[in-house]
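Beneath this line is the structure, given in structure tokens, with notes to follow.
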Number of protein chains: 2
Amino acid sequence: MTNKGGISASPLPKAGNVQQPVSNSRLKIACSNCNLRELCLPVNLSMGEIRQLDAISHLKRSYVRGDYLYRSGGKFQSLYAIYRGSFKTQVLHEDGREQVTGFQMIGEIIGLDAICTEHHACDAVALENSEVCELPFNKLEALSRELPSLQRHLHKIMSREIVRDQGIMLLLGSMRAEERLAVFLLSLSQRFAARGLSPTQFQLRMSRQEIGSYLGLKLETVSRAFSHFQNSGLISVHTRSVELIDLPGLRAFIGKQH
Amino acid sequence: MTNKGGISASPLPKAGNVQQPVSNSRLKIACSNCNLRELCLPVNLSMGEIRQLDAISHLKRSYVRGDYLYRSGGKFQSLYAIYRGSFKTQVLHEDGREQVTGFQMIGEIIGLDAICTEHHACDAVALENSEVCELPFNKLEALSRELPSLQRHLHKIMSREIVRDQGIMLLLGSMRAEERLAVFLLSLSQRFAARGLSPTQFQLRMSRQEIGSYLGLKLETVSRAFSHFQNSGLISVHTRSVELIDLPGLRAFIGKQH
DNA sequence: GCAATGGTTTGATATATGTCAAGATTCATG
DNA sequence: CATGAATCTTGACATATATCAAACCATTGC
């Protein structure tokens, strides 16, 4: 539970967008008992402050694919930092319609939806074997009253979520099917890169149906878009393993008419 | 600048969703120098605390239709509480595409998009003659470290924005054109009701094009949906003045196939 | 009061994506 | 390894919404 390396040994990147790759070993150093990537890495907390943060967080049990981290309507108590694996969040409409609102991967914070009503507004479901670190929100609030840099960082995380959602609104409101998939793949690529993983080769942890739900498309449309990208030489895809062959080509695809 | 009425005279509604109508006179009492509805009303601040909040806020100059409150890329310094009038926020894509991401009316907070990068992620444009109250964010942060109820409330406002955006993602991703318009009208209705204004008769402050942009539709589709609702006896609409005739009918419309 | 301008409505047609259905893969299980 | 259940791909066709175009209406300024 003690911080072995200490952040001061290797200066952290500036607060703000996390663009640069970060090695896994660095991640381990950054936080002792769990991988609070979003929460720890970009913010200038001292070793002592990191320890305070560790003190209020618990490593939680594992989840397997399909397990619920929390359910819509459930009482809100904590945020969760994903320590291993990945999750999806989905909202349900009374008429049975459901929509995936996001995919969360290692180092990301999940649970921000629930603060306003004290009850969760969506389900969070594990996409694979996963572990999370629980952050009791009232303790986090109390600590952030003492640590302005933690407070500011918490605000940034929430604001980033708002900006991210607005990007998806743009995607859903004004992009064609293949543009949406290109944006999705490039966004995954960036997030893998930021974790020191390959930005061009990765496994999808979600089904075509889940991707389609997230992108406002039917699974068949997603499948066709994948095939089209493959036939155009932009990507290589076999079921859930993807290789991005032509990143600039994919980027150029966005905004192109027809 | 002093609080004449004092909140303690009329107990505030519980924190959480603002559902009940609130009279305009009550609003005036709630906050002395500006109408910090979202920020003041639902939270149990003492008179002294309200005064502290007033002390850090300034009433800003007026804006006319088309004026920018802030621009995408501009430095973030403050949140703004809308004191009079209304605004739209819009994001711009490099290829010229733009999309309205929200409409903000009296008593709502605008500017939450910018905290994560210190720069605004979208434009905020006045839809009519409007006034805002500026809340310098670093002062707000400092004060919220001292006032836990203000801190919690700030978190709720941000979280509510996230939940709201997720609702729009659901709308954009899985609703038909007429359902989207029905949701939009009912949401406006609720927001007017919460301000003690008529929930069934109001003026739209935005064009068909702006509504369409927000709902992921073309303006002609919006216009056709309006006409269809009118022909079905659900609403009465003349250009920008709307009367909702059959609220249950409109609600029933959502989720209905074909 | 009359252009001029921008916004709105409505129609005819095009098109992207949804729907339905059949086969082909992949994955889990005994 | 064999079987069955998911998941994925591909095709043919249907349909909701976009596009294009024209007329209509409302608001502004002269």
Side-chain angles (χ1 to χ4, degrees), chain A residues 64-66 88 97 99-100 125 127-129 171-185 203-232 235-242 253-258, chain B residues 64-66 88 97 99-100 125 127-129 171-185 203-232 235-242 253-258:
Chain A
V64 303
R65 161 138 191 130
K88 67 173 173 180
R97 265 185 298 213
Q99 175 148 350
V100 172
V125 186
L127 292 173
E128 60 186 313
N129 294 338
L171 176 148
L172 291 170
S174 57
M175 288 190 183
R176 289 166 307 105
E178 294 182 344
E179 285 183 274
R180 297 185 198 189
L181 187 64
V183 169
F184 175 67
L185 291 173
Q203 289 287 122
L204 300 172
R205 321 253 65 142
M206 66 295 279
S207 68
R208 299 287 186 267
Q209 143 68 27
E210 285 165 332
I211 296 171
S213 173
Y214 180 57
L215 299 179
L217 302 168
K218 294 294 161 181
L219 66 95
E220 295 94 329
T221 307
V222 174
S223 181
R224 277 184 242 272
F226 268 121
S227 301
H228 185 212
F229 284 165
Q230 175 147 257
N231 295 337
S232 311
I235 69 172
S236 159
V237 57
H238 288 297
T239 314
R240 298 202 181 177
S241 83
V242 177
F253 205 91
I254 300 163
K256 215 168 57 177
Q257 308 305 335
H258 307 235
Chain B
V64 302
R65 163 138 190 128
K88 67 172 175 181
R97 265 185 299 214
Q99 175 147 352
V100 172
V125 186
L127 292 173
E128 60 185 313
N129 294 340
L171 176 147
L172 291 171
S174 57
M175 289 189 182
R176 290 167 305 106
E178 294 182 345
E179 285 182 274
R180 296 183 200 190
L181 187 63
V183 168
F184 175 67
L185 291 172
Q203 290 285 122
L204 300 171
R205 321 253 66 143
M206 66 295 280
S207 69
R208 300 288 187 267
Q209 144 67 27
E210 285 165 333
I211 296 171
S213 173
Y214 181 58
L215 298 178
L217 302 168
K218 294 293 160 182
L219 66 96
E220 296 94 329
T221 307
V222 174
S223 179
R224 278 184 241 271
F226 269 121
S227 300
H228 186 213
F229 284 164
Q230 175 148 257
N231 296 337
S232 310
I235 69 172
S236 160
V237 57
H238 288 297
T239 314
R240 297 203 182 176
S241 83
V242 177
F253 204 91
I254 298 164
K256 214 168 59 180
Q257 309 305 332
H258 305 236

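Just so it is clear: chains get the letters A, B, ... in the order the sequence lines come, proteins before strands, and each one is counted from 1.
B/V242 is not listed as a side-chain neighbour of B/Q203, based on a closest heavy-atom distance of 4.5 Å or more. Taking 4.5 Å as the limit, some side-chain heavy atom of A/F226 sits within range of a side-chain heavy atom of A/R208. For the pair B/S207 and B/R240, the minimum side-chain heavy-atom distance is below 4.5 Å.
Within the 4.0 angstrom heavy-atom criterion, base atoms lie near A/S223. Within the 4.0 angstrom heavy-atom criterion, only backbone atoms of the sugar-phosphate kind lie near B/L217; the bases stay farther away.
If you take CZ on A/R224 and CG on A/N231, they are separated by 13.0 Å, rounding to the nearest 0.5 Å. Within the model, atoms NE2 of B/H228 and CD1 of B/I235 stand 11.0 Å from one another, a figure rounded to the nearest 0.5 Å. With rounding to the nearest 0.5 angstrom, the CZ atom of B/F229 is 6.5 Å from the CG atom of B/L185. With values rounded to the nearest 0.5 angstrom, A/Y214 atom OH is found 9.0 Å from A/M206 atom CE.
The shortest heavy-atom contact between A/T221 and A/A177 is CG2-CB, 3.7 Å. In terms of heavy-atom proximity, A/V100 sits nearest to A/S213 at N-OG, 2.8 Å.
To the nearest angstrom, P of C/dC27 lies 12 Å from CZ of A/R65. Distance, B/R240 CZ to C/dG7 P: 8 Å, rounded to whole Å. Straight-line distance from the CZ atom of A/F226 to the C1' atom of D/dT9: 12 Å, rounded to whole Å. Across the protein-nucleic acid pair, A/L215 atom CG and C/dG18 atom C1' stand 15 Å apart, rounded to whole Å. Look at CG on A/L219: it is 10 Å from P on C/dT19, rounded to the nearest Å. Across the protein-nucleic acid pair, B/M175 atom CE and D/dT17 atom P stand 13 Å apart, rounded to whole Å. Spacing between atom CD of B/E220 and atom C1' of D/dT17 amounts to 10 Å, rounded to whole angstrom units. Put simply, CD on B/E179 is 14 Å from C1' on D/dT17, counting in whole angstrom units.
For C/dG11, the base has a donor-acceptor partner in the side chain of B/R224 [N/O atoms by modelled type, under 3.5 angstrom].
Comparing D/dT17, C/dA16, D/dA26 against the side chain of A/R176 picks out C/dA16 as the nearest.
A heavy atom lying under 4.0 Å from DNA chain C marks the following residues of residues 206-214 of chain B, by number: B/S207, B/R208.
Across the helix from C/dG1-D/dC30 to C/dA22-D/dT9, the helix axis at one end is tilted relative to the axis at the other end by 50° (nearest 10 degrees, each axis from five pairs).
OP1 or OP2 of C/dT17 has not a single side-chain nitrogen or oxygen of A/T221 nearer than 4.0 Å. Between C/dT10 and B/S227, a contact under 4.0 Å exists linking OP1 or OP2 to a side-chain N or O.
Using a 4.0 Å cut-off between charged side-chain N and carboxylate O, A/E210 and A/R65 make a salt bridge.
Residue A/K218 is the one, among A/H238 and A/K218, whose nearest nucleotide of DNA chain C lies closer to the 5' end (criterion: closest heavy atom).
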